[in-house]
Amino acid sequence: MSKEPDRLFAQPLPQVPDFAFNEDVVRVFPDMIKRSVPGYPTIVENLGVLAAQFAQPGSVLYDLGSSLGAVTQALRRHVRTEGCRVIAVDNSAAMVERCREYLNGQDSMFQELLPVEVIEGDILALQFKPASVVALNFTLQFIAPQERLALLGRIRQALLPGGALILSEKLRFNDVEEHALLTDLHIAFKRANGYSELEIAQKRSAIENVMKPDSLEEHRERLLAAGFSKVVPWFQCLNFASLIALP
Ligand SMILES: Nc1ncnc2c1ncn2[C@@H]1O[C@H](C[S@+](CC[C@H]([NH3+])C(=O)[O-])CC(=O)[O-])[C@@H](O)[C@H]1O
Ligand SMILES: O=C(O)C(=O)Cc1ccccc1
């Protein structure tokens, strides 16, 4: 994957455009997500370990909003269950192109990886096949809030017994002080990773119209309303968390 450093917001912009997963973002994405999301490498690696516990023989594993395929590759490396395959979906053409290149490169480096199909498309329009694992790794927060419940309902309907949805998100907090503290600590994390005050401020204004985080309570209630029976948080680092939802 590209090692280009993220300098997208380093110069003052006369007007900060809404954040989009375009070619500029794709070029710096591995660096951007690692320096912006506390715990990201731990979540991705362990998603493969978790998935291996839920994978059912002959089923599909979905990586929804796959970006450059980091989660897909973790699933392919860790899951050994007979007859499984991964379907990665993203609606950014630039992401999908680079994701395919990356995964093809991995195929030539490792043996025994699960087969994978990368689809360029909207996860809201997807006809789900019976699935044992669905990963939404920092994707639901970019889906329009009014679409989230129906999407989770369709995922729930597609999940096989013994399967799981793994949902990672940035969190909002209802308690004002808790929200302020964890937001400040996230800013400190970004600063420690070399982002300037200007980069932090411009990125914040770029994402505020396109990325709408929910609270843990909202996630739990919506998952139960979508038909999931149990919601278990397995990871939190500052204001970023990952949940297992069981059918
Ligand atoms: N409706 C949609 N349909 C399909 N894709 C979408 C949609 N909306 C947004 N996306 C895609 O969801 C991804 C969100 S990034 C996921 C990181 C990855 N999971 C990772 O673990 O590296 C999260 C982040 O950058 O914070 C982008 O690639 C979008 O194009
Ligand atoms: O940068 C941030 O503040 C975030 O919340 C995470 C993020 C990471 C990568 C793209 C968009 C948002």
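In each ligand, atom 1 is the first atom listed, and ligand 1 is the first ligand listed.
- With ligand atoms numbered from 1 in the order given, ligand 1 contributes 21 (O) to contacts under 4.0 Å with heavy atoms of Val71.
- Under 4.0 angstrom from ligand 2, the non-hydrogen atoms of Phe19 all belong to its side chain.
- Taking the six-membered ring for Trp, Phe21 and Phe142 have ring centres closer than 6.0 Å.
- Residue Arg204 does not touch ligand 2, judged by heavy-atom distances below 4.0 Å.
- Using a 4.0 Å cut-off to heavy atoms of Gly121, the atoms of ligand 1 that qualify are 3 (N), 4 (C).
- A salt bridge links Glu45 with Arg77: the closest approach of a Lys/Arg side-chain nitrogen to an acidic carboxylate oxygen falls below 4.0 angstrom.
- For atom 12 (C) of ligand 2, the nearest non-hydrogen atom from the set Lys190, Glu169, Lys203 belongs to Lys203.
- Taking only non-hydrogen atoms, the option from Ser92, Gly65, Ser67 nearest to atom 19 (N) of ligand 1 is Gly65.
- Checked by distance only, ligand 1 and Ile123 come closer than 3.5 Å through their nitrogen or oxygen atoms.
- Using a 4.5 Å heavy-atom cutoff, the side chains of Phe19 and Asn209 are not in contact.
- Ranking protein heavy atoms by distance to atom 20 (C) of ligand 1, first place goes to Tyr40 OH, 3.3 Å.
- Ligand 2 places these atoms under 4.0 Å from at least one heavy atom of Met211: 5 (O), 12 (C).
- Scanning all protein heavy atoms for the shortest distance to atom 6 (C) of ligand 2 gives Val37 CG2, 3.9 Å.
- Closest of all the heavy-atom pairs between Trp234 and Leu47 is CH2-N, 4.5 Å.
- Without hydrogens or angle criteria, Asp63 side chain to Thr72 main chain gives a donor-acceptor distance under 3.5 Å.
- Contacts with ligand 1 closer than 4.0 Å are made by side-chain heavy atoms of Ile143 only, the backbone lying farther away.
- The hydrophobic clustering, which links ILVMFWY residues whose side-chain heavy atoms are closer than 4.5 Å, places Leu50 and Leu246 together.
- Scanning all protein heavy atoms for the shortest distance to atom 24 (C) of ligand 1 gives Phe142 CE1, 3.5 Å.
- Although no hydrogens or angles enter the test, the distance criterion places no donor-acceptor pair under 3.5 Å between the side chain of Arg76 and the main chain of Val86.
- Between the side chain of Glu199 and the main chain of Phe9, no donor-acceptor pair closer than 3.5 Å is present.
- Nearest approach of Gln141 to Arg148, heavy atoms of both residues: O-NH2, 3.1 Å.
- Here is the list of ligand 2 atoms found below 4.0 Å of a heavy atom in His186: 2 (C), 3 (O).
- The shortest contact between atom 5 (O) of ligand 2 and any protein heavy atom is with Lys170 NZ, 2.9 Å.
- For atom 5 (N) of ligand 1, the closest non-hydrogen atom on the protein side is Asn91 N, 3.2 Å.
- Under 4.0 angstrom from ligand 2, there are no non-hydrogen atoms of Val25.
- Applying the ring pair (Phe, Tyr, Trp, His ring centres under 6.0 Å) criterion to His186, with sequence neighbours excluded, gives Phe240.
- Tyr195 and Asp6 share a donor-acceptor pair across their side chains, judged by distance under 3.5 Å alone.
- Residue contacts with ligand 1, taken as heavy atom pairs separated by less than 4.0 Å, involve Phe138 via backbone and side-chain atoms alike.
- With respect to Arg27 and Asp24, a salt bridge is recorded, a charged nitrogen being found less than 4.0 Å from a carboxylate O.
- Residue-ligand proximity: Asp122 is placed with a non-hydrogen atom under 4.0 Å from ligand 1.
- No N or O atom of Asp63 sits closer than 3.5 Å to an N or O atom of ligand 1.
- A donor-acceptor contact closer than 3.5 angstrom is absent between the side chains of Arg154 and Gln157.
- With hydrogens and angles ignored, the 3.5 Å screen pairs a side-chain donor or acceptor of Ser215 with a backbone N or O of Glu218.
- For atom 30 (O) of ligand 1, the closest non-hydrogen atom on the protein side is Asp90 OD1, 2.6 Å.
- Looking at Phe240 against ligand 2, only its side chain comes within 4.0 Å, counting heavy atoms.
- Contacts between Gln141 and ligand 1, counted as non-hydrogen atom pairs separated by less than 4.0 Å, involve the side chain only.
- Distance from atom 21 (O) of ligand 1 to its nearest protein heavy atom, with residue and atom name: Asn137 ND2, 2.9 Å.
- Using a 4.0 angstrom heavy-atom cutoff, Ile33 does not count as in contact with ligand 2.
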